[in-house]
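One structure below.
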Amino acid sequence: QWDPNFSTGRHSMVHLFEWKWVDIALECERFLGPNGFGGVQVSPPNENAIITSPFRPWWERYQPVSYHLVTRSGNESEFTDMVRRCNAAGVRIYVDAIINHMTGNSVQGAGTDGSSFDASAKSYPAVPYGPTDFNDATTCPTQSGSIEDYQDPIQVRNCQLSGLLDLNQGKDYVRQKLADYLNKLIGLGVAGFRIDASKHMWPADMKAILDKLDNLSVQHGFTANARPFVVQEVIDLGNEAITGSEYFGNGRVTEFRYGMNLGEVFRKVNNQKLSFIKNYGEGWGMYAGNTSLAFIDNHDNQRGHGAGGANILTFRVAKLYKMAQAFMLAWPYALTRVMSSYYWDQNMEGGSDKNDWIGPPNQDGNTLPVTIFPNGTCGNGWMCEHRWRQISNMVKFRNVVEGTTMTNWWDNTENQIAFSRGNKGFLAINNEDRALSATIATGLPAGQYCDVISGNKEGSSCTGKTITVSADGSVNLSISNTEEDPMVAIHADAKL
Ligand SMILES: O=C(/C=C/c1ccc(O)c(O)c1)N[C@@H](Cc1ccc(O)cc1)C(=O)NCCCOc1c(-c2ccc(O)c(O)c2)oc2cc(O)cc(O)c2c1=O
Ligand SMILES: [Ca+2]
């Protein structure tokens, strides 16, 4: 279902992509809990194929070998400990569930828990799955057995995605195996799931599996009879036969157009302008906010080739990225997810990154720990976008303004905008190559506020800009385009 089961007062999640469980547990206690984050999407915790060519790519974790909880992120006891500690810190855990497929059809070797398998024989003894548990010529209409035409819903669901052996979720045995796996995770205290490759499964089959799931466990702090949160990954940019709306009955759906369009708007491509986003969300033809998950980038499209392609904003274009994140977190549309990445050297050739496979920072294949410098930034190659002040403060902004509507929209018809959230918050963005200078209604009570983009409120003073709202609620705003972050955000909890 659509509710993330957050603890009270929290409204965003962060994807700690490829982090180890021990590091996520620490991050929940030292940062995410204290800073108002609602939950963490973790990388797939189930045993995956060890791919050595290319060397340990990030996408090896999307090739299941079994449902044993042993991966490069850690083992079952570390996973269990992480869930317990994060829940205790008020931070939920959402598991990236890969239930559409197993490994590629010609992958060899062992799994991350040492389990053997024989892809060519469609045999995964550690589950167990055998040939009859997979789609075959009786269910997939193509000669190759792979998806050939994305305009044919039957192929998209019943044939192999990029050569990945396709489970037949129409079989009760398969449904039960998958439900047993998800129920084990629910028993450990997880709050719900990000269901990978949902486009490639029949909504009704998914519903049959979801209906087998237990209620969330009360001893982990969930209300009695709480149902698992579900967000389904459906890459739908409006050009394929399958649409995300087919999946609304199961839970939320990823809205990839959100990040794609914002990338164009902030990059000013295709004649897009910031002033056009006054009706962003449903007004731009996107799914209803209450059934969507919004994000600027994700683990796949931040590599330039996934959904939304070359215009997706990432940590590599930090100034625009922070502006887009600030907008998303201030804007009253959908459930919001912040990406947290690791660094890799791009090797652009002919418009694509030859290094787009590179996996997490590692030593001989072992994922490196997340180190935290005294100034709060991360080491060992972890980007920690979620820790950037401009982003973490906007996660708090979203918590403060929850329940209010967007009011006082202002723009200069080009690339300067501002808006309020009721009488709780106000954001102004200057994406022009000249200063923003205007008197604008903020909706806020008169007084002095700390700008949470340039600093924090500490005691009775601001470490960044101090913004004065006059008696009539207006502000004389001046934002130079040459500032590190050409935007201003103030809210009720940052009032002096
Ligand atoms: O680029 C990738 C991996 C991408 C990927 C992985 C996980 C995701 O959640 C995702 O959204 C994309 N994988 C590389 C390498 C690769 C891996 C496995 C394989 O059997 C073949 C190749 C690649 O070039 N993949 C082909 C293009 C991307 O095609 C994939 C898609 C995908 C792409 C666009 C769509 O509109 C769509 O509905 C699905 O989803 C996956 C889901 C998986 O669980 C595992 C996969 O291997 C993939 C996946 O290959
Ligand atoms: Ca399928």
Side-chain angles (χ1 to χ4, degrees), residues 15 17-18 41-44 46 48-49 51 53-65 95-108 119 133-136 139-142 144-147 149-171 174-175 178 193-206 209 231-244 246-247 253-254 256-257 259-260 293 295 297-309 312 337 339 352-359:
H15 182 193
F17 182 57
E18 285 285 1
Q41 177 183 317
V42 303
S43 284
N46 63 291
N48 61 266
I51 307 269
S53 172
F55 185 68
R56 310 310 302 272
W58 60 269
W59 38 259
E60 72 164 37
R61 292 193 74 160
Y62 291 91
Q63 301 201 25
V65 163
V95 165
D96 193 348
I98 312 167
I99 61 175
N100 173 64
H101 54 263
M102 299 302 278
T103 70
N105 56 24
S106 58
V107 167
Q108 296 183 331
D133 298 317
F134 295 88
N135 282 310
D136 56 20
T139 46
C140 163
T142 66
S144 66
S146 278
I147 300 170
D149 175 7
Y150 267 78
Q151 299 309 333
D152 176 359
I154 295 176
Q155 288 186 39
V156 176
R157 273 71 175 261
N158 292 355
C159 299
Q160 292 175 10
L161 158 62
S162 314
L164 297 161
L165 289 176
D166 205 55
L167 285 169
N168 181 352
Q169 296 85 11
K171 273 191 69 173
V174 173
R175 291 176 175 183
L178 294 170
F193 304 98
R194 175 258 185 195
I195 302 182
D196 176 74
S198 293
K199 180 198 290 182
H200 302 279
M201 295 180 277
W202 296 100
D205 286 346
M206 294 178 72
I209 295 163
V231 58
Q232 298 153 104
E233 182 212 19
V234 179
I235 302 179
D236 167 13
L237 300 177
N239 55 359
E240 292 176 23
I242 290 162
T243 63
E246 296 175 53
Y247 296 84
V253 177
T254 50
F256 277 87
R257 292 170 293 187
M260 181 182 74
L293 179 80
F295 48 97
D297 63 327
N298 82 339
H299 63 283
D300 178 40
N301 67 18
Q302 72 170 184
R303 286 164 167 75
H305 63 81
I312 293 294
R337 179 181 68 194
M339 179 71 197
S352 75
D353 175 9
K354 291 288 167 283
N355 287 345
D356 65 6
W357 57 269
I358 289 179

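By convention here, the first residue in the shown sequence is residue 1. Every value quoted in this text rests on a predicted model; they were computed, and no experiment measured them. When a ligand or atom number is given, it counts from 1 through the structure's own listing order.
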*Which residue and heavy atom of the protein sit nearest atom 31 (C) of ligand 1, plus the separation*: L161 CD1, 3.9 Å
*asked:* I'd like to know if R194 contacts ligand 1, where contact means a heavy-atom distance under 4.0 Å to any ligand atom.
replied: yes
*Does some non-hydrogen atom of Q63 fall short of 4.0 Å from ligand 1?*
yes
*In sequence, state the C-alpha distance, the side-chain angles, and the governing distance for N100 and D196, and then conclude on side chain to side chain donor-acceptor pair (under 3.5 Å).*
CA-CA 7 Å; N100 173 64; D196 176 74; over 6 Å; no
_Which N, O or S atom of H200 lies nearest to the Ca ion (ligand 2), by name_ = O
*Starting from atom 1 (O) of ligand 1, find the nearest protein heavy-atom neighbour and note its residue, name and distance.*
H305 CE1, 3.6 Å
*Taking only heavy atoms of W58 into account, list the atoms of ligand 1 that are under 4.0 Å away from them.*
3 (C), 4 (C), 5 (C), 6 (C)
*Can you sort out which atoms of ligand 1 are near H299, meaning under 4.0 Å from one of its heavy atoms?*
7 (C), 8 (C), 9 (O)
*At under 4.0 Å between heavy atoms, which part of W59 makes contact with ligand 1: side chain, backbone, both or neither?*
side chain
*Which heavy atom of the protein is the closest neighbour of atom 46 (C) of ligand 1, given with residue, atom name and distance?*
L164 CD1, 3.5 Å
_Below a 4.0 angstrom heavy-atom separation, can you tell me which part of N298, side chain or backbone, both or neither, approaches ligand 1?_
neither
*Per-atom contacts, ligand 1 versus H200 - under 4.0 Å to a heavy atom*: 37 (C), 38 (O), 39 (C)
*Mark whether atom 23 (C) of ligand 1 lies under 4.0 angstrom from at least one protein heavy atom.*
no
*Where the closest heavy atom to atom 33 (C) of ligand 1 is concerned, which of N100, I51, I235, D96 has it?*
I235
*Is the shortest heavy-atom distance from the side chain of V65 to the side chain of T103 under 4.5 Å?*
yes
_Below the 3.5 angstrom mark, is there an N/O of H101, backbone or side chain, next to an N/O of ligand 1?_
yes
*Could you label the plane-to-plane angle of the H15 and H299 rings as parallel, tilted or perpendicular, counting under 30° as parallel and over 60° as perpendicular?*
perpendicular
*Just one of E246, Q232, E240, E233 clears the side chain to side chain donor-acceptor pair (under 3.5 Å) bar with K199, so which one?*
E240
*Check the pair Y62, N48 against side chain to side chain contact (heavy atoms under 4.5 Å, CB included), reporting the backbone distance first and the verdict last.*
CA-CA 7 Å; Y62 291 91; N48 61 266; over 6 Å; no
*Enter the distance from W58:CH2 to I358:CD1 here, rounded to the nearest 0.5 Å.*
12.5 Å
*Counting heavy atoms only, which of P44, S162, G104 is nearest atom 20 (O) of ligand 1?*
S162
_Nitrogen or oxygen of D196 less than 3.5 angstrom from that of ligand 1_ = yes
*Should you measure from each heavy atom of K199, which atoms of ligand 1 turn up under 4.0 Å away?*
35 (C), 36 (O), 38 (O)
_Min side-chain heavy-atom separation C140-Q160 under 4.5 Å_ = no
*Measure the distances from the heavy atoms of F256 to every atom of ligand 1 and state whether one is below 4.0 angstrom.*
no
_Under a 4.0 Å threshold between the charged nitrogen and the carboxylate oxygen, would R194 count as salt-bridged to D96?_
yes
*Against heavy atoms of Y62, which atoms of ligand 1 measure under 4.0 Å?*
7 (C), 9 (O), 43 (C), 44 (O), 45 (C)
_Let's go through D205 and Q169 carefully: what are the C-alpha distance in whole Å and the side-chain angles of both, what is the deciding distance for side chain to side chain donor-acceptor pair (under 3.5 Å) to 0.1 Å, and is it a yes or a no?_
CA-CA 6 Å; D205 286 346; Q169 296 85 11; over 6 Å; no
*asked:* With a cut-off of 3.0 Å, does R157 put an N/O/S atom close enough to the Ca ion (ligand 2)?
replied: yes
*Which value, rounded to 10°, describes the OD1(D166)-the Ca ion (ligand 2)-OD1(N100) angle?*
80°
_Point-to-point distance, once rounded to the nearest 0.5 Å, from CG of D166 to CD of Q155_ = 12.0 Å
_Separation between CD1 of I154 and OG1 of T139, rounded to the nearest 0.5 Å_ = 10.5 Å
*Apply the test side chain to side chain donor-acceptor pair (under 3.5 Å) to residues N158 and W202: give CA-CA distance (whole Å), side-chain angles for both, the deciding distance (0.1 Å), then the verdict.*
CA-CA 9 Å; N158 292 355; W202 296 100; 2.8 Å; yes
*Any N or O of E233 that comes nearer than 3.5 Å to an N or O of ligand 1?*
yes
*Given side chains that start at C-beta, do those of F134 and N168 come closer than 4.5 Å, heavy atoms only?*
no
